[in-house]
Amino acid sequence: MQQHGGAGDLTLQFHKKYPGELPQSSSSLSRFARQQRTAQEQRLLAYCLKANLQSTTVTSGCCPDQKKGGGGVALNNPNSAGNDANEKERSDCFLYLSECLMGGLLARHRIQAGIKNYKLQDYQAAYREWVAATRLCDNRELFHTLNYLISLSFDFGHFQKMLALSVQQFQIGRFLNERALIAESYLNLATSRGLLCNWELCLSYCKNCLLYLDATKVGYVYMSIACSYLEMNQFSAAIGFLKLTFDICSKHENQGLVVQALVACSGMFLTLKSYPEAREFAMRAIEVAETVFSVGPASCRYRRTKVHVIPVQIKLRQLDDAFRLCEESVRSSLEYHDRYVQAKCLLFFADIHRLKSDYEVAYQSYQAAADSGYQQIQLKALVGMAKSVIKLSPSDDIRIRQNKAMGFYNNALELATTLGCKLEIFRLHRRMAKLQSMLEDHPDEVDRHLRSADGLSDEMQLFCDLCGSLYGLKRSQLKALSCGHIYHTGCLLEKKRPGSSQYFCTTCRCFSEDICESFLSLA
């Protein structure tokens, strides 16, 4: 596998790919290293300079000429004119040295205090302790302290701050020139970019991470790549990396990674409108999470795992169950400052109210969700606003409401195009074609939207090879094979190998496993 030659090559690579995000030259890296030089190193340097340990100025009091009564000024001469200044200098030197020796101890004390507060679920106090520690510790300790702050930023839903800390961590790892640290910072960068919906950048960071990461830890990278492809609706590529993740999970028995994979499978089936399968995987993810994470309102990982079942319940019209779980999630997210779950629950509340025909409340909740700052939530909120505004009380003319809905759809289409969500773009073109035909203003626009939808349908190949019909447009039950192809469950039944969990893929002309069922066997 190809490896980077050194810090210079890495700097050049990042400057070409991501200008402005990471240092642009080796001089920038040197400036960063000087800025990040620890308090301990600064104090040691100051002590050496003040004591003049390597100069002739201090030693002149002990040189042969001085012993013979030469022109030097002895530091121990009480009658010397510079004696007071030298004594003050010596006192300052001891002060610097004591501060130097204490700096590392104070940093470690702060870090341990932060860990203790985190375990006690006092996350704000933990954040303050770790931030204070960053001003005292050396580069290696700073790297690991940034890891704590990155984890806490993830818990709070501060993904931009998480990215900024990851960039700083990457710079330290590169300065220390250690493969393990560079790999870890790459993975944090990939995670941050994925949460910010920059999936192309997430993929680039993941692929760079694989050049440095130990073979036993690549499962999380494969999982990040699979999730990025799922968000971009490239299902075949996503299934391929889910297969690689399954191989890692089965080999190393990593239940935390299994939870992520089950959530990803649930999200894939939810996107493709295969709701029974989506619910099964979401519920199994919660069961495994109860054995892996701490169970309770303070556990961010457990909370976010549970939240994934809410949209499935909404689609299955289990609105009362969804509402109760949504209320529970909001309470815990407000108590523990999880802005991301708060925003998602606003969106879920809006969906529930819209399905209960309370369009005014739904519209207001969609507006609040759209203002949350999370692009993926904003996209779904814009679509919900378009659906709700048409159904609002007829204080406005129907054509006015339809035009408002078209405006929301246009904004959603622009955002979906920016994010690269092809299936959502496909659905928006179909909705806009239907609405445009109701307006009867621009018949050519109807044809344009339908042509765009047909082009995306051909590009994504969302059709079952056995029956030839599209999937992902209406409710259906699907199976995803490890070769990357998806079929209707009913169509695939006769293709199952007797006495085995494998199915014959008519596209690949070979037997493949149901990759999602494989994860269920690990749970």
Side-chain angles (χ1 to χ4, degrees), residues 219 222-223 225-227 229-230 233-255 257-288 308-309 311-313 315-316 318 422-423 457-523:
Y222 292 151
M223 191 70 251
I225 295 174
C227 289
Y229 281 129
L230 283 176
N233 306 137
Q234 298 180 26
F235 299 107
S236 181
I239 292 169
F241 280 96
L242 281 174
K243 175 65 169 66
L244 293 174
T245 306
F246 168 76
D247 294 339
I248 296 295
C249 291
S250 58
K251 184 177 181 180
H252 299 288
E253 299 182 356
N254 188 335
Q255 291 296 295
L257 194 56
V258 170
V259 172
Q260 293 186 31
L262 290 171
V263 168
C265 292
S266 174
M268 179 177 68
F269 285 121
L270 178 64
T271 301
L272 295 173
K273 297 183 180 291
S274 183
Y275 300 136
E277 287 76 12
R279 186 181 187 280
E280 181 182 6
F281 286 102
M283 296 303 295
R284 189 64 66 89
I286 294 173
E287 293 174 10
V288 180
H308 282 93
V309 80
V312 184
Q313 292 174 328
K315 294 296 184 182
L316 293 172
Q318 300 169 356
K422 294 182 180 180
L423 186 54
S457 176
D458 294 338
E459 181 181 345
M460 291 186 293
Q461 297 184 340
L462 298 179
F463 58 88
C464 174
D465 266 351
L466 293 173
C467 66
S469 60
L470 288 172
Y471 55 78
L473 295 181
K474 58 183 181 180
R475 294 188 184 188
S476 58
Q477 290 186 272
L478 302 172
K479 282 191 179 294
L481 302 185
S482 58
C483 59
H485 297 104
I486 300 174
Y487 296 91
H488 292 111
T489 302
C491 299
L492 207 56
L493 285 177
E494 60 184 24
K495 300 295 181 180
K496 186 174 182 180
R497 173 181 280 178
S500 170
S501 60
Q502 294 183 329
Y503 298 86
F504 184 75
C505 175
T506 56
T507 304
C508 301
R509 311 297 301 175
C510 65
F511 283 94
S512 296
E513 295 179 342
D514 181 347
I515 184 62
C516 298
E517 290 289 341
S518 300
F519 282 111
L520 288 178
S521 67
L522 292 177

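For the numbers below, each heavy atom of this structure counts, side chains included, while hydrogens, waters and symmetry mates do not. Values in this document were obtained by computation on a predicted structure and should not be read as measured data.
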Kindly indicate whether the side chain of Leu262, heavy atoms from C-beta on, has any atom under 4.5 Å from the side chain of Leu520. yes
Do the side chains of Met223 and Ile248 get nearer than 4.5 Å, heavy atoms only? no
To check you understand the geometry: which heavy-atom pair defines the closest contact between Ala278 and Ser266, and what is its length? O-OG, 2.8 Å
Could I get the full list of side chain to side chain contact (heavy atoms under 4.5 Å, CB included) partners for Phe463, not counting sequence neighbours? Gln461, Asp465, Leu470
Sidechain-backbone polar pair: Thr489 side chain, Gln477 backbone, donor-acceptor under 3.5 Å: yes
Pairwise distance OG(Ser469) to CG(Leu462) - rounded to 0.5 angstrom: 11.5 Å
Candidate pair Leu230 and Phe241, rule side-chain contact (heavy atoms from CB on, under 4.5 Å), full reasoning: CA-CA 10 Å; Leu230 283 176; Phe241 280 96; over 6 Å; no
Counting only N and O atoms by type, is there a donor-acceptor contact under 3.5 Å from the side chain of Asp514 to the main-chain atoms of Lys479? no
Could you tell me the separation between the CZ atom of Phe235 and the OG1 atom of Thr271, rounded to the nearest 0.5 Å? 5.5 Å
What's the separation between atom CG in Leu242 and atom SG in Cys227, rounded to the nearest 0.5 Å? 7.5 Å
Should Thr506 and Tyr487 be marked as a side-chain contact (heavy atoms from CB on, under 4.5 Å) after you check the CA-CA gap, both sets of side-chain angles, and the distance that decides it? CA-CA 10 Å; Thr506 56; Tyr487 296 91; 3.3 Å; yes
In this structure, OG1 of Thr245 is separated from CD of Gln260 (nearest 0.5 Å) by 9.0 Å
Heavy-atom closest pair (Tyr275 atom, Val312 atom, distance to 0.1 Å) is O-CG1, 3.7 Å
Looking only at heavy atoms, the pair that brings Ala226 and Ala238 closest together is O-CB, 3.5 Å
Any non-hydrogen side-chain atom of Leu423 less than 4.5 Å from a side-chain atom of Leu272? yes
Can you list every pair that meets ring-ring contact (aromatic ring centres under 6.0 Å, His included) and has a residue in residues 497-517, with sequence neighbours left out? Phe504-Phe511
Closest non-hydrogen atom pair, Ile515 against Lys243: CD1-CA, 3.5 Å
Between Leu257 and Tyr222, does a side-chain contact (heavy atoms from CB on, under 4.5 Å) hold up when you go through it step by step? CA-CA 10 Å; Leu257 194 56; Tyr222 292 151; over 6 Å; no
Is any side-chain heavy atom of Ile225 less than 4.5 Å from a side-chain heavy atom of Leu244? no
Quick one: does Tyr229's side chain get under 4.5 Å of Ser236's, heavy atoms only? no
Mark yes when over 12 heavy atoms from residues, nucleotides or ligands other than Lys315 sit less than 6.0 Å from its NZ; otherwise mark no. no
Between the main-chain N or O of Leu478 and the side-chain N or O of Ser274, is there a donor-acceptor pair closer than 3.5 Å? yes
Would you call the rings of His488 and Tyr471 parallel, tilted or perpendicular if under 30° counts as parallel and over 60° as perpendicular? perpendicular
Output for pair (Leu481 CG, Gln502 CD), nearest 0.5 Å, gives 10.0 Å
Considering only heavy atoms from C-beta outward, does the side chain of Gln313 approach that of Val309 to under 4.5 Å? yes
Compare every heavy atom of Phe269 with every heavy atom of Ala480, then report the nearest pair and how far apart it is. N-CZ, 4.5 Å
Hey, could you give me the SG/CD1 distance between Cys483 and Ile239, rounded to the nearest 0.5 Å? 8.0 Å
Looking at every non-hydrogen atom in both residues, tell me the closest pair between His485 and Thr507 and how far apart they are. NE2-CG2, 3.3 Å
